[in-house]
Amino acid sequence: MSERTPQHRYTAELAGRIERRWQDRWEREDTFASANPAGPWATPQDPRLADGREHRVVMDMFPYPSGAGMHVGHPLGYVATDVHARFLRMTGANVLYAMGFDAFGLPAEHYAVQTGQHPRVTTEEAMSTYRRQMRMIGLSHEPRRTFATIDPDYVRWTQWIFQQIHDAWYDPEADPRPGSGQTAPGRARPIGELVEQFSDGRREVPGGRPWGELSTAEQARVLDGYRLAYVSAAPVNWCPGLGTVLANEEVTADGRSERGDFPVFKRNLSQWMMRITAYADRLTDDLDRLDWPERVRLMQRNWIGRSTGAQVAFPVPTTSGAEASLEVFTTRPDTLFGATFMVVAPEHPLVGQIVPETWPTGTKDAWTGGAPSPLAAVTAYQRQAAAKSDVERQTEGKAKSGVFSGAWATNPVTGAQVPVFVADYVLMGYGTGAIMAVPGQDERDWDFALAYDLPVVRTVQPTPDHPEDQAFTGDGPAINSANDEVSLDGLGVEDAKERIVAWLEQTGRGRATVTYRLRDWLFSRQRYWGEPFPVVWDEDGVAHAVPDDQLPVTLPDVPDYAPRTFEADDADSEPEAPLARATDWVHTTMDLGDGRGPVPVRRETNTMPNWAGSCWYYLRYLDPENAAAPVDPAVEGYWIGPREETVPGAPEGAADPGGVDLYVGGVEHAVLHLLYARFWHKVLFDLGHVSSEEPFRRLINQGMIEAYVYRDARGFPVPAAEVEEHTSSDGGPSTFTWQGQPVTQEYGKMGKSLKNVVTPDEMVEQFGADTFRVYEMSMGPLEQYRPWETRAVVGSQRFLQRLWRNVVDEDTGEVTVTDEALSPDLAKALHRTIDAVGSDYAALRTNTAIARMIELNNLLTKLDAVPRAAVEPLVQMVAPVAPHLAAELWERLGHDDLTYAPFPQADPALLVEDSVTAVVQVRGKVRDRLDVAADISEADLEALALGSEKVQRFLDGAPVRKVIVRAPSLVNIVV
RNA sequence: GCCCCCGUAGCCCAAUCGGCAGAGGCAGCCCACUUAAAAUGGGUUCAGUGCGGGUUCGAGUCCCGCCGGGGGCACCA
């Protein structure tokens, strides 16, 4: 570095010294501690808890700490929330801003498998890197509220919540909890209340036997049909390549694991499930009460997939001569008259009862699949369907396959005999696993009818331009839709639905119903590095909760952390959990508190999925050291309880659901984490543990910082930082070279293998943390994706340098501000800036706030001497984005720490202009500008405009037809 | 195939209610400082808003249809 650089210039080196000094001081003085009204940390005398004082919870989605540390993209959201938290503190709010770690998970486990090192060790190392980086960039998290999901104290409460869920059932008839904004009935209740209903006969026991006559194991099985966390043997997603089962949400559309991209197979396995489907309606409805991005709400609505329609019974004879009822679900009951055949899923239970021994009369050749008998045909088809992986079903596209079951059902409105087919385009997991096929109004049914030579009856009149050879799925008048009792003819789709459903209900043939795409959440994993279930199995095979005083159940040490993995396409393999190998841990004795004393038990060897810890961490921030509850209800109510005002855009009359005031994170969690957390929160609400109905009142998805990737002639990425750009002189595109070799440029993610990673460490080293923060925030709106450009960072550095120079002499280090009064123009500029910056910060428009501050700072730079009265408010305004520099200047200006210094207030008197420039347009084109008084009347302005010489020239004697006046800024003359 | 978001200067981005297209930054160019360069400071060039229609006195903004980019869903009855 040159010796010419002034000694007191705001360089990266000086910035570094300032930043470390203030970071140390803030830590020493616990500057960012917020006040709790109750619980172990109660400080009721804290002035911030006084009536009428604002309180806000601001947080980011906590990170999974990867061994590589952060690149510049990761802290974008963190800086944004930090700026907001710091701004809110200056407005006097009690601000809870904390950060933890989502620390269970697969990467650490993989690393442990490779190295034999315990995953806790690598995880702790990664966390300390993250902590160092977050401190380095000046994030004002409250240190005492931090924790990791792997901390035994946290695991204890995660397990406790699991037990609450396990010990609860959903009563769809129960009134909502008082204080809920719910409009329909339905609430989780303790399982004990269900047992009471069974034993005193208020509720019939499934199976019909009295409750008292059931064995413990039988009772447990009945209760498993109700519990919100239950074990079920059901088709689940088995991924041999990972050696674990997966939730639906973790399987991609083409039937592979989201992580690792291995094939996933449906296997019937006994696994833990969470009854999230019980909450499908509330999870959909309450989206309206949240201030969330519309696209996230849409994704959740689609995922839940509520569709309303009707269930209709089609009589079908069984082979034993009885008459069964084939229930179908349809969203188009209005097309019932056009149902010319039926299709059931290959796994449908009724198939076994309706398939006759020989092909009935009327069987067409195309229907038999060449088989000698229906039984042979159906069995072969079922076998074929079962062997298909989801991948194969996908790659076969939309070509329809199926086979006639040999059974004929009766269409309940037409009385027609309709053939029943078995086909895999109907899914057992959705609706009733059976459909009525209406080729006239459904494209899939049309395809099938075409392939299998089945009749088509149109029951909605297609529009005149609709092709003859296609199903018509639009709206139109019903046709061919009448019998002796009911006629839909002439009705539109909606009216026809209503009339036919009424008739079905009247005659007992069907009823209005709702189905969902959402399935229950598969909650167990065959992994080591996760929360153990707080569950043991007794010798009768009954699951018991581990008594509360024995929580947390901690992971045993095992010699091998790996689940048993298999060939990725070995569909017949079975999951084997790593914990099963810790035999001493698995087999133990335990007093279950049921009077039997210590009995031999076997521990559950599955672990919870990595989503468990992130389902409730925001609650623990509120009261992290509470030993009696996950969170003190008074603390929860204070911080995230429902507010008086509803969120913007909420429907009229909706109640505020409560929740975190601001939650910032990536859109990749739109369905998984955010749906699971909402579900847990609602259970906790129903059971009375929290007063809020939703975890996150307001959500913002921050954009991603992307970067250029440069590849050499062979296509290999070269270090992006060493690439040279050559701008072409004729305005054409730039070319790029690396070590003299031409390279190509593309745009994408930042990643180690792409050799384009930029770390916050490098940026802090080169520019200082405050410059880094200002740059990240000035790149554009928070939600936006944007490219990283290191060479542009200097602009933010220059801003801070100029600000520094406006206060401190670069050569002497002396404070140079004067006590002169502000000129009227400067005062106005200052107060306009204060006004704009304040509202920009409040609305998270940090990019425009920074632009305003740069503007004001540039004005001050031009002055011979900078007045204290102008630069002090500017320093205060800068504090949220450049907190260390601002604190340093504030101190040099003779004050103490400005973390809680009040944000400057704009003087309304200085915001109004005396005179403004009015634009005069002729035919919408600007023809003149007039300086007029700000309070000029419309009539005066009109007269003034019409009198303008320039205007008269453009009017050129043409008659004025109309004059639009928007005093004081605009006049438009229409001729 | 269906749905959602985004297209403003060479680049990143501003533009309350529909009212003068430009706040801020990068790059470029010119100048000052310098033996020189970097750094720093000062000045300055640059678009009519992806395309085509429409509504309106007036459209970047509202409506319709395309094009381009990104994302979600995809046999869900």
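Just the heavy atoms: all of them, side chains too, but no hydrogens, waters or symmetry mates, feed the values below. The chains referred to below are lettered A, B, ... by the order of the sequence lines, with proteins before strands, and numbering in each begins at 1.
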Quote, to the nearest angstrom, the [atom1] distance that separates [N] from [M].
| N | M | atom1 | result |
| --- | --- | --- | --- |
| B:G54 | B:A15 | C1' | 24 Å |
| B:C29 | B:G19 | C1' | 35 Å |
| B:A27 | B:A21 | P | 29 Å |
| B:U8 | B:G42 | C1' | 28 Å |
| B:G7 | B:U49 | P | 14 Å |
| B:U16 | B:C30 | C1' | 38 Å |
| B:G41 | B:G60 | P | 36 Å |
| B:A9 | B:C5 | C1' | 24 Å |

* To do: Cation-pi check, A:Lys400 to A:Tyr425: give yes when NZ or CZ is under 6.0 Å from the six-membered ring centre and within 45° of the ring axis, no otherwise.
  => yes

* Answer yes or no on whether A:Arg517 is positioned over the face of A:Trp303, meaning its NZ or CZ is under 6.0 Å from the six-membered ring centre and within 45° of the axis. => yes

Could you tell me the separation between the [atom1] atom of [X] and the [atom2] atom of [N], rounded to a whole number of Å?
| X | N | atom1 | atom2 | answer |
| --- | --- | --- | --- | --- |
| A:Met853 | B:A14 | CE | P | 15 Å |
| A:Arg295 | B:C3 | CZ | P | 18 Å |
| A:Leu427 | B:C75 | CG | P | 8 Å |
| A:Gln441 | B:A77 | CD | P | 16 Å |
| A:Gln300 | B:C3 | CD | C1' | 16 Å |
| A:Leu911 | B:U16 | CG | C1' | 14 Å |
| A:Asn806 | B:G41 | CG | P | 11 Å |
| A:Glu668 | B:G70 | CD | P | 18 Å |

What does [N] pair with, Watson-Crick or G-U, if both distances are under 3.5 Å?
| N | answer |
| --- | --- |
| B:G7 | B:C67 |
| B:G19 | B:C57 |
| B:A39 | none |
| B:C2 | B:G72 |

If you check every side-chain atom of [X], which of [options] has the closest atom?
| X | options | result |
| --- | --- | --- |
| A:Asn858 | B:G24, B:C75, B:A23 | B:G24 |
| A:Pro781 | B:G24, B:G72, B:A14 | B:A14 |
| A:Asn847 | B:A14, B:A77, B:G43 | B:A14 |
| A:Leu298 | B:C3, B:A14, B:U40 | B:C3 |
| A:Ile854 | B:A77, B:C75, B:G25 | B:G25 |

* Which atom names give the shortest non-hydrogen contact between A:Pro412 and A:Val312, and what distance separates them? -> CG-CG1, 3.9 Å

Is the phosphate of [N] approached by [X] (side-chain N or O, under 4.0 Å from OP1 or OP2)?
| X | N | answer |
| --- | --- | --- |
| A:Gln784 | B:C6 | no |
| A:Ser307 | B:A77 | yes |
| A:Arg517 | B:A74 | yes |
| A:Arg798 | B:C26 | yes |
| A:Arg802 | B:G42 | yes |

Regarding [X], tell me which of base, sugar-phosphate or nothing describes its non-hydrogen contacts under 4.0 Å with the strands shown.
| X | answer |
| --- | --- |
| A:Arg805 | sugar-phosphate |
| A:Thr861 | sugar-phosphate |
| A:Arg297 | nothing |

* Asked: Do you see a donor-acceptor pair shorter than 3.5 Å between the side chains of A:Asp809 and A:Thr816?
  -> no

* Output yes when A:Lys749 and A:Glu706 qualify as a salt bridge under the 4.0 Å nitrogen-oxygen rule, no when they do not. => no

* Asked: If you measure from the Lys or Arg side-chain nitrogens to the Asp or Glu carboxylate oxygens, is any gap between A:Arg773 and A:Glu776 under 4.0 Å?
  -> no

* Structure fact -> Its glycosidic angle compared against 90° from 0, B:C17 adopts the form syn

* Structure fact -> With syn defined as a glycosidic angle within 90 degrees of 0 and anti as anything else, the base of B:G48 is syn

* Sidechain-backbone polar pair: A:Trp788 side chain, A:Asn756 backbone, donor-acceptor under 3.5 Å -> no

* Any donor-acceptor pair under 3.5 Å from A:Asp445 side chain to A:Pro439 backbone -> no

* When you match A:Met779 and A:Gln801 each to their closest nucleotide on RNA chain B, which lands nearer the 5' end? -> A:Met779

* Starting at the 5' end of RNA chain B, which residue's closest nucleotide do you reach first, A:Tyr785 or A:Asp445? -> A:Tyr785

Set out, line by line, the N/O atom pairs under 3.5 Å between protein and nucleotides 55-58 of chain B.
from  : atom 1 : to       : atom 2 : distance (Å)
B:C57 : O2'    : A:Asn972 : ND2    : 3.3
B:C57 : O2     : A:Asn972 : ND2    : 2.3

* Only one of A:Val514, A:Thr515, A:Leu283, A:Leu518 clears side chain to side chain contact (heavy atoms under 4.5 Å, CB included) with A:Arg306; which? -> A:Val514

* Structure fact -> Only one of A:Ile435, A:Val422, A:Val418, A:Val426 passes side chain to side chain contact (heavy atoms under 4.5 Å, CB included) with A:Met342, and that residue is A:Val418

* Structure fact -> Residue set satisfying side-chain contact (heavy atoms from CB on, under 4.5 Å) with A:Glu327, at least two apart, ordered chain then number -> A:Gln311, A:Ala313, A:Ser325, A:Thr432

* Plane angle bin for A:His673 and A:His669 - parallel if under 30°, tilted between 30 and 60°, otherwise perpendicular -> perpendicular

* Asked: Would you call the rings of A:Tyr430 and A:Phe329 parallel, tilted or perpendicular if under 30° counts as parallel and over 60° as perpendicular?
  -> perpendicular

* To do: Mind running a 4.0 Å heavy-atom check of residues 788-797 of chain A against RNA chain B and sending the residues that fall below it, in number order?
  => A:Arg791, A:Ala792, A:Val794, A:Gly795

